[in-house]
Protein chains: 2
Amino acid sequence: MSLRHAVLGLLAHGPASGYDLLKTFEGSLANAWPATQSQLYGELNKLADSGYVTVAAEGPRGRKEYAITEAGRAELHHWITEVEPERVRRSDMLLRVFFLDLVERREALDYLRREAEGAAERHAAFAELALVVDSTDDPLAEHGRIALEWGLRFTKMQQEWAEWAQRRLG
Amino acid sequence: MSLRHAVLGLLAHGPASGYDLLKTFEGSLANAWPATQSQLYGELNKLADSGYVTVAAEGPRGRKEYAITEAGRAELHHWITEVEPERVRRSDMLLRVFFLDLVERREALDYLRREAEGAAERHAAFAELALVVDSTDDPLAEHGRIALEWGLRFTKMQQEWAEWAQRRLG
DNA sequence: CTGTACATGTAATACGTTACATGATTCA
DNA sequence: TGAATCATGTAACGTATTACATGTACAG
């Protein structure tokens, strides 16, 4: 049910076409809620049917510019402030850990080493992004920066955990 | 595609019925890969069709005890050691953070406070579990303990992040 | 005038959740 | 004998991924 709220959240900042929104979903938002082109266009039509968005303008090449309605804003506000975030998360990375006793110790250590390295790489990428964000004094980037901080801390935690696990197993 | 590997991983430790497996999916494994009864029974039939498991014995009340085959073990080993874990994760908790500029500052701080509190609670629950696990010298619990450590570190990170975010916003 | 970017849509397939449906065994 | 537990299966619905399908506008 969250794709609809992701779309509403973006449209709450200003009108946009499905194509515009797609760029955002491929960018920063991909870290919180990835979505495909197919999904997006379908969701926009459903949102329009429900009255949460309207086609505010039509442009060249069949472009449809969507705008959020009052009902859409109300639904979005309700979702942000009153709906409990979903705690269930699947992790096939962690799932493998449960079964590491089924492979050679060498293979298990290799697995954890790759996890640590991958986490370190993703951390470095986030850190670079943070440098850029921090050097611009754009107040609109404030919440993106808080989400980015989550990524920084998560990847760091993941790396440290994988290193700890290697020491414990090794 | 990971439910099948979760099932294979459990059966690699010994034969079990769908009903048996369900208990495990409701327990420790729920933190890494939750699954419903409906999904499980369906997957077991598919795995049997593919030759990854066989019905090793039948018991009272239509009970079917499944056992992993050599092909199943090979597939499981391949998955653990060679298949790259999926990095894409959706988080509606993080998604809301991107849109926190759309609500009152008071509401945004409330949201982060609730996140911090929830993380602290989940951390405490994990910590209690860790005490139990650490006091038993069961070598089989070793990998479960490593997964548990991930939960411990994740919830701690989440709490600290939410507190940091409150200070930054407030 | 041609390639690239813009722009939207549908179909097939798989995965996941909830609810429904049914029945056998055990134990108090 | 009635309730709890054991035990499996199906159906409906929603969401996600991939591929297919089509056409317009603009810039070089």
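Every chain is numbered from 1 and lettered A, B, ... according to where its sequence line falls, protein lines coming before strand lines.
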Whole Å only: how far is the [atom1] atom of [X] from the [atom2] atom of [N]?
X     : N      : atom1 : atom2 : value
A:Y19 : D:dT24 : OH    : P     : 16 Å
B:R63 : D:dT8  : CZ    : P     : 7 Å
A:E86 : D:dA16 : CD    : P     : 12 Å
B:L22 : D:dT5  : CG    : C1'   : 13 Å
A:K64 : D:dT24 : NZ    : P     : 16 Å
B:E65 : D:dC6  : CD    : C1'   : 14 Å
A:W33 : D:dT17 : CH2   : C1'   : 15 Å

- Output the rest of the hydrophobic cluster of B:Y19: all Ile, Leu, Val, Met, Phe, Trp and Tyr residues reachable through side-chain heavy-atom contacts under 4.5 Å, sorted by chain and number. B:Y41
- Hydrophobic cluster of B:L152, others only, ordered by chain and residue number, side-chain cut-off 4.5 Å: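 Its cluster partners, ordered by chain and number, are B:F126, B:L129, B:V133, B:L148.
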Taking only residues two or more places apart in sequence or in another chain, which ones pass side-chain hydrogen bond (donor to acceptor under 3.5 Å, both in side chains) with [X]?
X      : result
A:E104 : none
A:K64  : none
B:T155 : B:H123

- Message: Measuring from the side chain of A:Q37 (C-beta onward, heavy atoms only), which nucleotide among D:dT8, D:dT24, D:dA19 has the closest atom?
- Response: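 When the side chain of A:Q37 is considered, D:dA19 is the closest of D:dT8, D:dT24, D:dA19.
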- Message: Counting only heavy atoms and a strict 4.0 angstrom limit, can you tell me which residues of residues 41-60 of chain B come near DNA chain D?
- Response: B:Y41, B:N45
- Note on the structure: Those residues at least two apart in sequence (or on a different chain) that pass salt bridge (charged side-chain N to carboxylate O under 4.0 Å, His left out) with B:R167 are none
- Note on the structure: Taken in chain and number order and not counting sequence neighbours, the residues that satisfy salt bridge (charged side-chain N to carboxylate O under 4.0 Å, His left out) with B:E149 are B:R145, B:R153
- Query: Hey, is B:E86 close enough to B:R89 for a salt bridge, meaning N to O under 4.0 Å?
  - Reply: no
- If you measure from the Lys or Arg side-chain nitrogens to the Asp or Glu carboxylate oxygens, is any gap between A:R113 and A:D110 under 4.0 Å? yes
List, with names and distances, any nitrogen or oxygen atoms from the protein found under 3.5 Å away from nitrogen or oxygen atoms belonging to nucleotides 11-13 of chain D.
unit_1 : atom_1 : unit_2 : atom_2 : d
D:dA11 : N6     : B:S38  : OG     : 3.1

- Task: Report the residues that fulfil side chain to side chain contact (heavy atoms under 4.5 Å, CB included) with B:S28, sequence neighbours left out, ordered by chain and then residue number.
- Result: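 Side chain to side chain contact (heavy atoms under 4.5 Å, CB included) check on B:S28 returns A:F98.
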- Span of DNA chain C engaged by chain B, first through last nucleotide within the 4.0 Å heavy-atom cut-off, is C:dC15 to C:dT25
- Message: Whether B:R90 contacts D:dT17 is assessed here as follows: a side-chain N or O lying under 4.0 Å from the phosphate OP1 or OP2. Is that the case?
- Response: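 B:R90 to D:dT17 OP1/OP2: side-chain N or O found under 4.0 Å.
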- Message: On DNA chain D, does the nearest nucleotide to B:G18 precede the nearest nucleotide to A:M1 from the 5' side, or the other way round? Give the residue.
- Response: B:G18
- Message: For residues 42-92 of chain A, which residue pairs pass the ring pair (Phe, Tyr, Trp, His ring centres under 6.0 Å) check, not counting sequence neighbours?
- Response: A:H5-A:W79
